Every structure is written in C-alpha cells, then in structure tokens.
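Below is one structure; the comments refer to it alone.
Just so it is clear, the structure is predicted and the values come from calculations on it, not from any experiment. Chain A is the first sequence line, chain B the second, and so forth, proteins listed ahead of strands; every chain is numbered from 1.
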Amino acid sequence: MWTQWEPLRPQTPFTAFALRETLDGGQAFRWAYLESENCWQGTWSNHLAQLRLAPDQTLQYRAPSPNQSTDAQALQDYLLLDFDWAARTDQLPWRSDSHLKIAIDAFPGLRLLNQPFAEALLCFMCSATKQIPQIKIMCDNLANSLGDELLPGGPHALPSWNQIAQASEDALRKLGLGFRAKNIKKTADLIAQKPGTLDAIESLPYDDAQAHLLEFPGVGSKIADCALLFGARKYEAFPVDTWILKVLEKRYGLHGWSKPQLEQFGRVHLGPHAGFAQQFLFAHERALR
DNA sequence: AGGCAGGTGGCCA
DNA sequence: TGGCCACCTGCC
C-alpha cells in the first residue's frame, strides 16, 4: 500500500527535533506523529506522505502506491529542500540582537515550509483565538467532510475554496468552526466568484498581497501575514500574535506600542527575513509556557 | 463556574 | 487612533 522509504537530500540537514518543530510547531496543522510507524504523516494539496529520519539521520519519505503524484519533487517543493536554511539563519540580525540569538540557539534547524497558499489561508482563518490542537481538529473536520479522499478509508485533503463554497455556513458551523464559519463561507464565495484570485494575490509583492488579503472578511494583518509567510514565501511578513506580542513587550521593552507599530518594528528591525526570525521567537516563547 | 485561547470588526470618544 | 467588546466552542 505504501512505497519503499526513499531518501531525500536537503541542502540543510534535519534533526528529529527540527523536523518536529517544523512540521508540528504551529506553522502547519496537517501533520501527526504515528507512534506505531515512528514517522510523521501529513497532507498538502492532494499529496499524502510519511517522513522519518533513518538511524543515520537521513531524511526519508514514502507515499501511498500506486497512482500517487507524491514524489521527491513534490517533497522538495513543500519542504524547500534546496534552500540553504543555515545561511538564511545566519543572515538574521542575531549578532546585534541577543534575544534573537537565544531563540535561534534554542531551535537549531528550524525552517519554514512552503504550503499551498489556499491551504495556509484556510488554516489560519481557523486559528483565530484557538490553540493548536483545536485548530488541527477544525482542519481535520474540514478535510474529512469536504476534501478529497487521498487513500481509501484514509486521510482526506483539505478542501479547496471552491469545495468550501459548496457548503453552507451552517454546515461549516457543524464542523466546529464557530464564529469563523461565517467569514470562511463569505471568503469562499468571494474566491469562487473570481477564479484565479488567490494565484494573482500570491504573485504580488508583499504589501500589495497583504492589502488584497485584508479585503476578505475575517482576515486581518495577523492571518494575512501567516498565509503569506507560510504559504507564499513572503519572508518579510511578520505576524504579530499574542506570543510575539509578549516577546516584543517583555524582551524588547516595547510596552504600549500599537499593533501596526509592532508589525513595522519587526519588519524594520529583523529585516527581509523578519518572518523567519518570528518563527524562532515564537517557538522559543511558546516553549517557556 | 468562569475565564481564556496563535484575531477580527464594529462602535464610540 | 485607541479602547472595549461580541463572537463559537472546548478545555482547564
């Protein structure tokens, strides 16, 4: 039912710790660790894959067989295996920012995924005032109820926005989306009315892309920046959530700053990879909870 | 039992 | 602009 384990060759190697934090640290909500198989299983687009580190630390993957387009190329795109993450990390301003250095040292090997833009937007619309386990349940409900089946009797893909548009707001509420259902339904209708909208937004420069995302109901600067950072490789996006808010207040002394001011501070102080730095700060602060 | 959680949008000064 | 609050739901 599954292919043999095949090796992947990341430019920057993974550790078990980095793999966990990257797949299940809050940037994606579609990965789960299978204790029985000692591997991670996840979905994106219509891909289903399992990942593990071999005893010699080689990253390996396998996919359902046959008839699966999930191959090394698909993994390479999603995991950004060609990226030199070590070099990107080194480019962050840790030399002049001791707190950032602490966060980076605490999460060696952390990197960003390249999720499908539509899925990142959907998952983060679900994330409003929810904790990670609850967000995962909402995404799972959406997938199982509205998305394509990826393996007979097995996991489903997240639904496309068109598939969501077919559902009623009430049906979405029954999936546990709560007040997010109305916004997600409205956004789905807007996207379904204008095919290609998301592709167009994704191809815009960061500022323009964010401005367009903000037109969707239920999408503010935080959710927009998450979608752009995790789903469109806009690394200057700097999502300010409650954790980052704490970091900026406590560690950077920015008490009383408004949200837009904090967002601006992050982009200016942390530079063109502010969002990547944000992921370290986020992981570090959350670990202290 | 009441408060709160990876936010957003509306309303009011 | 800045502050306050409702909004679903589940978990502590």
Side-chain angles (χ1 to χ4, degrees), chain A residues 20-31 103 107 110 112-113 115 119-142 144-145 158 164 167-191 210-232 234 237-251 254-266 270 274-289:
Chain A
R20 168 176 294 273
E21 190 59 31
T22 301
L23 297 178
D24 202 25
Q27 58 174 304
F29 303 98
R30 296 293 290 154
W31 289 88
F107 288 88
L110 178 61
L112 299 176
L113 298 169
Q115 300 176 59
E119 294 188 359
L121 178 60
L122 175 61
C123 292
F124 281 95
M125 287 190 76
C126 291
S127 76
T129 64
K130 280 293 176 190
Q131 299 179 80
I132 291 174
Q134 296 306 313
I135 302 167
K136 285 176 127 180
I137 290 171
M138 285 189 263
C139 292
D140 226 33
N141 290 344
L142 277 165
N144 293 335
S145 167
L158 283 169
I164 296 171
S168 66
E169 180 191 327
D170 193 53
L172 295 176
R173 280 183 183 265
K174 288 190 168 64
L175 301 179
L177 300 195
F179 64 80
R180 301 154 199 82
K182 180 185 287 186
N183 293 329
I184 288 173
K185 172 61 176 167
K186 282 187 182 167
T187 296
D189 289 340
L190 287 169
I191 292 171
Q210 203 221 32
H212 282 276
L213 286 178
L214 294 180
E215 293 173 7
F216 293 124
V219 179
S221 61
K222 192 275 180 183
I223 290 174
D225 276 5
C226 284
L228 292 169
L229 179 61
F230 303 127
K234 309 291 186 195
F238 186 74
V240 175
D241 57 32
T242 58
W243 294 103
I244 295 301
L245 187 61
K246 281 181 208 166
V247 174
L248 294 176
E249 286 182 345
K250 282 196 320 198
R251 317 282 183 183
L254 307 182
H255 302 278
W257 287 44
S258 72
K259 180 110 173 292
Q261 286 172 328
L262 293 172
E263 291 163 347
Q264 180 68 6
F265 170 84
L270 297 168
F276 185 33
Q278 180 268 2
Q279 201 60 18
F280 284 103
L281 298 174
F282 173 82
H284 175 62
E285 196 67 20
R286 204 163 64 91
L288 300 179
R289 170 180 42 165

Full working for salt bridge (charged side-chain N to carboxylate O under 4.0 Å, His left out) between Lys250(A) and Glu285(A): CA-CA 10 Å; Lys250(A) 282 196 320 198; Glu285(A) 196 67 20; 3.0 Å; yes

For Leu270(A) and Gln278(A): C-alpha separation, side-chain torsions, deciding distance, then whether side chain to side chain contact (heavy atoms under 4.5 Å, CB included) applies. CA-CA 9 Å; Leu270(A) 297 168; Gln278(A) 180 268 2; 5.7 Å; no

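No contact: Lys174(A) has no heavy atom under 4.0 Å from any strand. Within the nucleic acid shown, Glu285(A) has no heavy atom closer than 4.0 Å to any nucleic acid atom. The residue Pro217(A) sits close only to the backbone: its heavy atoms come under 4.0 Å of sugar-phosphate atoms, none of a base. Nucleic acid contact for Gln278(A): base, since at least one base atom lies under 4.0 Å from a heavy atom of the residue. Counting any heavy atom pair closer than 4.0 Å across all strands shown, Gly256(A) reaches no nucleic acid atom. Looking at heavy-atom distances under 4.0 Å, Phe282(A) makes contact with a base. Residue contacts shown for Phe216(A) are limited to sugar-phosphate atoms, with no base heavy atom under 4.0 Å away. Using a 4.0 Å heavy-atom cutoff across all strands shown, Ile137(A) reaches no nucleic acid atom at all.
Distance from the side chain of Ser127(A) is smallest to dG6(B) among dG6(B), dG10(C), dC8(C). Here the side chain of Ser258(A) is nearest to one of dC11(C), dG7(B), dG2(C), namely dG2(C). For Gln134(A), counting side-chain heavy atoms from C-beta on, the closest listed nucleotide (dA5(B), dG7(B), dC11(C)) is dC11(C).
Distance check on atom P: dC12(C) versus dG6(B) gives 13 Å, rounded to whole Å. If you take atom P in dC8(C) and the same atom in dA1(B), they sit 24 Å apart, rounded to whole Å. Spacing of P atoms, dG2(B) relative to dA6(C), comes out at 16 Å, to the nearest Å.
The separation between Trp243(A) atom CH2 and dG7(B) atom C1' is 16 Å, rounded to whole Å. With rounding to whole Å, Met138(A) atom CE is found 13 Å from dC7(C) atom C1'. Across the protein-nucleic acid pair, Arg289(A) atom CZ and dA5(B) atom C1' stand 10 Å apart, rounded to whole Å. Atom C1' of nucleotide dC7(C) and atom CG of Asn183(A) are separated by 10 Å, given to the nearest angstrom. For the pair Lys186(A) NZ and dG10(B) C1', the interatomic distance rounds to 12 Å; values are reported in whole Å. The CD1 atom of Ile184(A) sits 12 Å away from the C1' atom of dG7(B) (whole-angstrom rounding). Here dG9(B) presents its P atom at 12 Å from CG of Leu213(A), a figure rounded to the nearest Å. Atom-to-atom, CG of Leu177(A) to P of dT8(B) comes out at 16 Å; the value is rounded to the nearest Å.
A pairwise comparison of heavy atoms in Ile184(A) and Cys126(A) identifies CD1-SG, 3.9 Å as the closest pair. Nearest heavy atoms, Gln27(A) versus Gln115(A): O-NE2, 2.6 Å.
Comparing Ile244(A) and Val219(A) by the nucleotide of DNA chain B that holds the closest heavy atom to each, the one mapping nearer the 5' end is Ile244(A).
Lacking a ring centre under 5.5 Å from that of the base six-membered ring together with a plane angle below 30°, Phe179(A) does not count as stacked on dC8(C).
Distances shorter than 4.0 Å separate none of the side-chain N or O atoms of Lys246(A) from OP1 or OP2 on dG6(B). For dG6(B), the OP1/OP2 oxygens have no side-chain nitrogen or oxygen of Arg286(A) closer than 4.0 Å.
Contact annotation: side chain of Arg180(A) to base of dC7(C), donor-acceptor pair absent below 3.5 Å. One N or O donor and one acceptor, one from the side chain of Lys130(A) and one from the base of dT9(C), sit under 3.5 Å apart.
Judged by Watson-Crick or G-U wobble contacts below 3.5 Å, the nucleotide dG9(B) has dC5(C) as its partner.
Side-chain contact between Ser127(A) and Asp241(A) is absent, with no heavy-atom pair separated by less than 4.5 Å. Using a 4.5 Å cut-off on side-chain heavy atoms (C-beta onward), Leu122(A) and Thr187(A) make no contact. In this structure, the side chains of Leu248(A) and Trp257(A) stay at 4.5 Å or more apart for every pair of heavy atoms.
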